[in-house]
Enquirer: 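Before we start, here is the structure in question, set down as structure tokens.
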Amino acid sequence: MTLKARGIFMSAANTTFLIVSSVLVFFMTPGLAFFYGGLVSRKNVVNTMLSVFFICGIAVLLYVAVGYELSFNGDIGGIIGKVHHFFLSGVDLTKIVNKDLGINTGAYLIFEMMFAIITPALFVGAIVGRMRFNFLLAFIVLWSIFIYYPMVHIVWSTTGFLAKFGVLDFAGGTVVHINAGVTALVLSIFLGRRLGFGKKKPQPYNLPWVLLGTTILWIGWYGFNAGSALGMNDIAVQAFLTTTVATGASLVTWMILDMIVVGKPTLQGTCTGTLCGLVGITPACGFVTAGGAFWIGAISTVVSYWFITKIKPILKYDDPLDAFGCHGISGIVGSILTGAFASKAANSGIAHNGLFYGGGFSQLGLQIVGTLFTIVFVTVMVCVIVLILKLFVKMRVNEKEELTGLDQSEHGEFADYTVAEVSNTADISKYSGEFQGQLAHLNNPPKQ
């Protein structure tokens, strides 16, 4: 079924598919709130979940104000667009932007808006328990304008210089995952380590929440990846299949690694491995076969597992929920491996076959260049934003606030009534674990 719009036909089927995909991508953000909220200590659950969920509001307002225009309207040097329609004033939402698929501006804008919501939420996992909420709010506004929208334009706009260069990124390997992962790493370094870092690992608040969040993310990822085909077509089906295969491979790979290294399978590890596969296949899902998807999922997980368990302890930076180890590392691996496994048999629209399909190093080289550019660009820009913003807004909570927990100090709310009970009583004898030590520290601070 088609609907005529200004002499050009809009596809009702493809538009419906894109709207459903948009809903699925939106659903990922509250899913991520459950995933991160279940992993943190119980005194930081509210802060962590709110730090993810509030982006649903601020990112929407930013996107309709200037984000869509900066991403896709006009071009300045292949880096950024131009704002001619503040808050979409004067934008014709019925205009067809993809004649082949019959997609109009409104449907396309809504779909891309969902990516602008979920991407900054990903790096929240690196700053839990330490960052002031007002700093995070200001940072996300500046990060969106000066990093995210330019990355979208560079990679996904037809006038972006990496897009013209031939870099492949089907659904967000560079734009979303490497971008958010590198941001997480830089922020964790600027913040410094948590008090008591390395002495005792905090217990996750709620592992069932972690599984719930993982499941929601996996379901939503079909909108993320298959939806990036922008229509109900063969490429969407291919992306759905490769996403599923890669994720299954990554889940099993991490579980087996845990059984070998730790001696037993863990739910937390298996959920983390699941996300590594979803991240790894994202840039490649519309360009590779099921066989390629298997290898991308497995390899991404092996590299992330090795980095998180072996390299991270050596570097000693404090990324509590492994936002960089999962999104950054698997995103880098997936982006590069796209150049190895891309196949015209999966997508006839690509210019080059990957390395393993007889295409030589052409596409692999392009992917490496695109990946390196993203790492350098994001690192430099995050450093500039943080250094300037710190002149006006304090970045980290003080020692007392950190020990008490950001749920109380930043919001005055609690996910667990026992936290409020412990935080407001001088009698801590009946409580054990982290709260005894923390409250004792507060009641008897060390002499300077």
Side-chain angles (χ1 to χ4, degrees), residues 22-63 113-144 147-148 172 176-177 179-185 187-188 191 202 204-221 223-224 268 271-272 274-275 278-279 319-328 331 382 397 405-407 409-411 413-416:
S22 300
V23 173
L24 289 173
V25 179
F26 178 82
F27 193 37
M28 294 172 71
T29 301
L32 185 68
F34 274 103
F35 181 80
Y36 281 167
L39 285 173
V40 298
S41 61
R42 59 181 178 172
K43 62 181 180 177
N44 291 311
V45 175
V46 171
N47 174 260
T48 299
M49 298 186 80
L50 180 59
S51 294
V52 171
F53 187 67
F54 92 96
I55 300 172
C56 293
I58 192 68
V60 167
L61 298 179
L62 276 173
Y63 198 77
M113 182 194 295
M114 300 304 119
F115 285 74
I117 296 172
I118 185 64
T119 305
L122 298 175
F123 60 70
V124 168
I127 55 93
V128 295
R130 291 167 292 163
M131 182 178 284
R132 292 189 179 277
F133 190 82
N134 57 353
F135 186 95
L136 177 63
L137 171 58
F139 178 82
I140 286 176
V141 172
L142 296 175
W143 179 90
S144 297
I147 299 178
Y148 181 73
V176 176
H177 296 293
N179 186 358
V182 171
T183 299
L185 176 63
L187 286 179
S188 66
L191 274 172
Y205 173 70
N206 193 316
L207 282 178
W209 279 14
V210 177
L211 178 58
L212 174 63
T214 303
T215 304
I216 293 173
L217 286 167
W218 190 342
I219 293 170
W221 225 289
F224 203 90
Q268 183 176 337
C271 289
T272 302
T274 300
L275 291 189
L278 289 165
V279 170
D319 177 0
L321 307 186
D322 290 310
F324 177 70
C326 180
H327 296 278
V382 172
V397 298
L406 271 61
D407 288 3
S409 63
E410 291 284 287
H411 311 291
E413 295 179 314
F414 304 93
D416 189 331

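Residues take their numbers from the sequence shown, with the count starting at 1.
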Enquirer: Check whether the side chains of Thr183 and Trp143 place a donor and an acceptor atom closer than 3.5 Å, and report yes or no.
Expert: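 Checked: Thr183/Trp143 side chains pair up, N/O donor to acceptor below 3.5 Å.
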
Enquirer: Over all heavy atoms of both residues, which pair between Thr29 and Val52 is shortest? Give the atoms and the distance, please.
Expert: O-CG1, 3.4 Å

Enquirer: Does any part of the side chain of Leu406, heavy atoms only, come nearer than 4.5 Å to the side chain of Phe133, both counted from C-beta?
Expert: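 Phe133 does not reach Leu406 side chain to side chain.
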
Enquirer: So do the side chains of Phe139 and Val382 get within less than 4.5 Å of each other, counting heavy atoms only?
Expert: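 The answer is yes, as the side chains (C-beta and beyond) meet within the 4.5 Å cut-off.
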
Enquirer: Hey, does the side chain of Tyr205 reach the backbone of Ala415 with a donor-acceptor pair shorter than 3.5 angstrom?
Expert: yes

Enquirer: Under 4.5 Å between any side-chain heavy atoms of Asp322 and Thr272, yes or no?
Expert: no

Enquirer: Please name all residues satisfying side-chain contact (heavy atoms from CB on, under 4.5 Å) with Phe26, sequence neighbours left out, ordered by chain then number.
Expert: Cys56, Met114, Ile117

Enquirer: State whether the side chain of Asp407 and the backbone N or O of Val46 hold a donor-acceptor pair below 3.5 Å, judged by distance alone.
Expert: yes

Enquirer: Using only atom types and a distance under 3.5 Å, with no angle test, would you say the side chain of Ser188 pairs donor to acceptor with the backbone of Leu185?
Expert: yes

Enquirer: Please report the shortest heavy-atom distance between Cys326 and Leu275, naming the atom on each side.
Expert: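 Taking Cys326 first and Leu275 second, the nearest heavy atoms are SG-CB, 3.8 Å.
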
Enquirer: For the residue pair Gly223 and Val25, what are the closest heavy atoms and their distance?
Expert: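 So the two residues come closest at C-CG2, 3.5 Å.
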
Enquirer: Answer yes or no: does atom CZ of Phe54 have more than 12 heavy-atom neighbours from other residues, nucleotides or ligands under 6.0 Å?
Expert: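 Yes, the 6.0 Å shell around CZ holds more than 12 heavy atoms from other groups.
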
Enquirer: Answer whether the closest heavy-atom distance between the side chains of Phe324 and Leu122 falls below 4.5 Å.
Expert: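 They are not in side-chain contact.
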
Enquirer: Side chains of Phe224 and Met28, heavy atoms from C-beta outward: is any pair under 4.5 Å?
Expert: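 Heavy-atom side-chain distance check passes, below 4.5 Å.
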
Enquirer: Over 60° means perpendicular and under 30° means parallel, so classify the ring planes of Trp221 and His177, tilted if in between.
Expert: parallel

Enquirer: Take Leu207 and Leu211, measure what side chain to side chain contact (heavy atoms under 4.5 Å, CB included) needs, and give me the verdict at the end.
Expert: CA-CA 7 Å; Leu207 282 178; Leu211 178 58; over 6 Å; no

Enquirer: For a 4.5 angstrom cut-off between non-hydrogen side-chain atoms, does Asn47 reach Val128?
Expert: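 Answer no - side chains too far apart.
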
Enquirer: From Gln268 CD over to Leu321 CG, what is the distance, rounded to the nearest 0.5 angstrom?
Expert: 8.5 Å

Enquirer: Please report the interatomic distance CD(Glu410) to CE(Met131), rounded to the nearest 0.5 Å.
Expert: 11.0 Å

Enquirer: Is there side-chain contact between His411 and Leu50, with heavy atoms separated by less than 4.5 Å?
Expert: yes

Enquirer: Do the non-hydrogen side-chain atoms of Asn206 and Val210 ever get within less than 4.5 Å of each other?
Expert: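 A side-chain contact is absent here, since even the closest heavy-atom pair is not under 4.5 Å.
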
Enquirer: Quick one: closest heavy-atom pair of Pro120 and Ile140, and the distance?
Expert: CB-CG2, 4.3 Å

Enquirer: Does Gly129 offer a backbone N or O that forms a donor-acceptor pair with the side chain of Asn44 under 3.5 Å?
Expert: no

